Structure formats: structure tokens, C-alpha cells
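Reviewing the structure listed below.
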Amino acid sequence: MHGACVATLLGTVLKLLGVSAYQPAPLSLPGLDSKQVERTRKAIGGQLQPMPTTPTRWYLSDLEAAEIQADQGQIRLAAQLMRSAWRDGVLAGVMSTRTSGLVRLPRRFRGESSLVEALEQSSTIEARSVFDEMCPASELALLARDGEALGVGVAELLPVEGRDYPVLVRLDPEYLTYIWSENRWYFRSIAGMIPIVPGDGRWVLHTPGGRIAPWQAGLWRCLGRAYIRKEHALLHKDNWEAKLANPARVAYSPTGAGEAQAQSWFRQVMSWGVNTVFGLRPGYDVKLLESNGRGYESFEKTISDQNNEFVMAVCGQTVTTDGGAGFSNADVQRSIRGDLIKASADGLAYTVNTQILPQYVLSRGGDLANGVTVEWDVDPPRDKAQSSAAWVSVANAIKLLDEALIPHGRTVDVEMVCTEYGIPLDATDPKRIQATPAPTRALTAVAS
């Protein structure tokens, strides 16, 4: 992007993001577009981040170390812990509903009609829209997942050959570092530390956890603890089952048997195989010693508790996953989960609207002050049907009230009523509305 365009973009983004006046000036370190970084990336196929490492064994002491390091601005251990935790099926399932399901909900664009039309139209190469080509749902879902789990996520807007708009590529948050003394995020890339400038047309920093220490608002502490405890319970349960799945074999020899006879008999029992048959003389005996203990129940209870911990942390309740016995009001679980999905949708939309779409608007010669924004529609379809029915009832009520009040020289304040019930009004042509008879005027305003 041209230098003047970058300056214009950054100036507008500073206002959109509400960047503090105390933010220090950019450092003279190489950025994503520097020759040094480009040469290094081309040497290894364009990759920016180093190869990730995933520890396979975790302990509660590791979680404590991750908390200490995170407060120092190093979220490497926390990100590695969450990457390991995603292999748990229960956690991956409930989180996918919150993130992957979210980005595939219907979305609405607002702003200049030409820009909205350009984003919604299909690209020349694929059947997907330009927005889907620029911000793939899979990358958005991963970015949203990082934001919910760690409180922060990072991505890059990567230029694409033959296209005049970039593609969003999520980067592993393991390589994020926050320097307290500079109030700045860095990415530890293959070319060294690169300062992150959110909204510069290349960097995207998703911080739904807040502006200050966003990792403290992430779910990784409770999710990590539950994952570690569940993994240990599973290992102990497998160990318990492996030891007691095959019962012990007990060989009895007569009291008067010699040492050689006893050892021979023990060796026969030790070689017990499939369909083995023993011919026993009086005094010899063989039995199976099986456990009748219930130690496995402790492990199963721990595993169940940690699964509930996953669901409670991600969904806010367990009603939507287990049916919610005891809940008589069906709206309880919907409103709780709806609030969380709405929060995730608003956070992701804020990041897209302030750090991705402005770059697209500028590349199309649009006005950044009146560009285009996107939001995800998280309202259940049933809510829309109820809203439509309520609007019809309000319209009928306004009509009847207007007819009853006209003989007294009064009319209903339609604007106040519509505001009360959340009904949008189109006041682009007030003269047309005022020229319409009163009862019809009320219905026209509501319908519009």
C-alpha cells in the first residue's frame, strides 16, 4: 500500500480504535513490509511464524507457571496449553458452537451501497463472496477462539497475487509478546521481533479481553485446569483398568509337594493361555482373583466434573447441552447463551470493522469516515417472528387509538410509541407522512 494511503488509514484507525494519546511513537524496527522480513519469508515459502511446539504432558504446576509468565506479557505457555486442550472432544465441541457456529450466522453490512454490494457479490474466481474470500470463515473462527480462550488473538492480512484485496491469515498466539514498558505487542517471527500496529492494513490484533492485560479475561485458566485434571483422571482410569482387566491367577499346590513340583505347577499356571485346560490331582487348585472394588467411580466423577467445567466456562450453563432438567422457563438457557454469543459477535465485528474493512474501503477509494461495517445476526429466528407479530399488534393499537383520539383533537405520538417498541422509522420524507390522513399515517410510519 502506498505510504500516503497507509498514513491516512492509520490516522482514521487511531480514531476508530480510540488509541490513547499516551501511545508511544512507532519504533524503527523492521515491519511486515520491510525487505529484511520479505527476504526471510520468501526463503521458506512465505511462512511468518516459527514451527509450533505442543507439549503432551501438563501438570497443575505448569498452569501456575503460565499464569506468572502471562502477567509478565509472555503468553507462550498459556497458548501452548490451550493448543493441547483443543484435542479434548468436549471442549472442542462446545467452543466450536461459540466460534465456528458464530461466523456462519447471517451477517448484515451497513454503509455505502456500492461498498456493501462489492463485499456481498461473488468473486470472479469462486462462488463465495468477496468478504468470504478476504475473511475466510475458518480463519475468523480461529481468531475468535483465540480471543475467547486467551483474551487476545493475532492475524495478518496477506497480499494475494492477482487480487486487489488481501486474505486474513490467523497466526498462532504462542508467539505474541507484550512489553509493559512500551505498551506494545510484538510477534516473534522467523525474522525476529516485529512490532504489531493494529489496523495498519497488515496486522489484526483481536483483544476481546480488554485493552489492558487481555489475557486475564481469557478462559484459559479454568479451561486449562479442567483439561489437566481430566487428562490425569483419564490416565489413572486407563491404568486402573489395565491392571484389573486381567484378573490375577492364583495357583495352589499341596502342602506335601516338593519344591520342584510346586515350581513346575506355578510355571504351568504362568503360561496360562487361551483355552488352557488343567488336569488337577487332589491338593492342586487354580483360581482367578478378581477385584470387586469401585475405585473407577472416582475417576469417572472427576472426568464428569471437568466436562461440566468446560461447558459452564464456554456456554455459561449446561442447559443447552444436557437438556436442563429442572428448568421450567425455556427462555432461561436461550438468553444466557444468547448473551455470550452476542458478546463474541460484537467483539469480532469490532475487530473486523476497525482493522480489516477500513483497508478495503481505502483500496476502493471510499470515505473511511463513512465506510462500511458488518455485524452478525445472532437473534434466533423465533425472536423475529415474535417481533413481527408484536409490530402488527402495535400498528393496530396505534390505528385504533388515533381513531379514538381524533374527535378530541389529539393523535398518538407515533415516534414515541415506535421508539418504545424498537420499531425503526423512515423519516426521509416527512412531508409525505404529514400529508397522509391520521389513521393511515400511523400505519404508514409503522410499516416503513
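For reference, positions follow the sequence shown, starting with 1. On a predicted model such as this, the values are computed, not experimentally measured, just so you know.
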Does a donor on one side chain and an acceptor on the other come within less than 3.5 Å for Gln216 and Asp71? yes
Please enumerate all residues that pass side-chain contact (heavy atoms from CB on, under 4.5 Å) together with Ile44, with sequence neighbours excluded. Gln47, Ile190
Do Val167 and Val169 have side-chain heavy atoms sitting under 4.5 Å apart? yes
Is a donor on one side and an acceptor on the other found under 3.5 Å between the side chain of His232 and the backbone of Trp58? yes
Any residue meeting salt bridge (charged side-chain N to carboxylate O under 4.0 Å, His left out) with Arg202, in chain and number order, not counting sequence neighbours: Asp33, Glu156
Evaluate whether atom CD of Glu117 has more than 12 neighbouring non-hydrogen atoms of other residues, nucleotides or ligands under 6.0 angstrom away. no
Does some side-chain heavy atom of Leu158 sit less than 4.5 Å from a side-chain heavy atom of Leu48? no
Residues at least two apart in sequence or cross-chain that pass salt bridge (charged side-chain N to carboxylate O under 4.0 Å, His left out) with Asp305, listed by chain then number, are Lys301
Summary of salt bridge (Lys or Arg N to Asp or Glu O under 4.0 Å) pairs that have at least one residue in residues 222-237, sequence neighbours excluded: Arg87-Glu231, Asp88-Lys230, Arg225-Glu309, Lys237-Glu241
Which atom names give the shortest non-hydrogen contact between Ala155 and Leu143, and what distance separates them? CB-CD1, 4.2 Å
Would you please name every residue forming a side chain to side chain donor-acceptor pair (under 3.5 Å) with Thr207, sequence neighbours left out? none
I want to check something: taking the side chain as every heavy atom from C-beta on, are Phe131 and Leu357 in contact at a cut-off of under 4.5 Å? yes
Would you say the side chain of Ile356 lies within less than 4.5 Å of the side chain of Cys135, judging by non-hydrogen atoms? yes
Quick one: which residue pairs count as a ring pair (Phe, Tyr, Trp, His ring centres under 6.0 Å) with a foot in residues 66-88, not counting sequence neighbours? none
The complete set of salt bridge (Lys or Arg N to Asp or Glu O under 4.0 Å) pairs with one or both residues in residues 253-271, sequence neighbours excluded, reads none
Can you tell if the side chain of Thr177 reaches within under 4.5 Å of the side chain of Gln74, non-hydrogen atoms only? yes
Spacing of CG belonging to Asp146 relative to CG belonging to Leu176, to within rounding of 0.5 Å: 8.5 Å
Could you check whether any side-chain N or O of Tyr360 sits under 3.5 Å from a backbone N or O of Tyr165, counting only pairs where one atom can act as donor and the other as acceptor? no
Going by the rule salt bridge (charged side-chain N to carboxylate O under 4.0 Å, His left out), which residues pair with Glu38 if we only count those two or more places apart in sequence or in a different chain? none
Quick check: do Pro208 and Tyr350 have side-chain heavy atoms less than 4.5 Å from each other? no
Partners passing salt bridge (charged side-chain N to carboxylate O under 4.0 Å, His left out) against Asp62 (at least two apart in sequence or in another chain): none
Throw together a table of side-chain donor-acceptor distances under 3.5 angstrom for residues 75-82, partners on residues two or more places apart or in other chains.
| from | atom 1 | to | atom 2 | distance (Å) |
| --- | --- | --- | --- | --- |
| Gln80 | NE2 | Thr53 | O | 3.4 |
| Gln80 | NE2 | Thr53 | OG1 | 3.0 |
| Gln80 | NE2 | Glu174 | OE2 | 2.9 |

Report yes if some heavy atom in the side chain of Arg107 is under 4.5 Å from a heavy atom in the side chain of Asp132; otherwise report no. yes
Output yes when a side-chain donor or acceptor of Arg98 lies under 3.5 Å from a complementary backbone atom of Val314, and no otherwise. yes
Is the backbone N or O of Arg170 less than 3.5 Å from a side-chain atom of Glu139, with the two atoms forming a donor-acceptor pair by type? yes
Do Leu105 and Asp377 come within less than 4.5 Å of each other through their side chains, counting heavy atoms only? no
Interatomic distance, Ile228 atom CD1 to Leu223 atom CG [nearest 0.5 angstrom]: 11.0 Å
Okay, side chain of Arg41, backbone of Gly46: is any donor-acceptor separation there less than 3.5 Å? yes
Non-neighbouring partners of Tyr178 that pass ring pair (Phe, Tyr, Trp, His ring centres under 6.0 Å), sequence neighbours left out: Trp180, Trp185, Trp215
Using a 3.5 Å distance criterion without hydrogens, assess whether the side chain of Gln49 forms a donor-acceptor pair with backbone atoms of Asp172. yes
Return the set of residues passing ring pair (Phe, Tyr, Trp, His ring centres under 6.0 Å) with Trp203 (not counting sequence neighbours), or none when no residue passes. Phe187
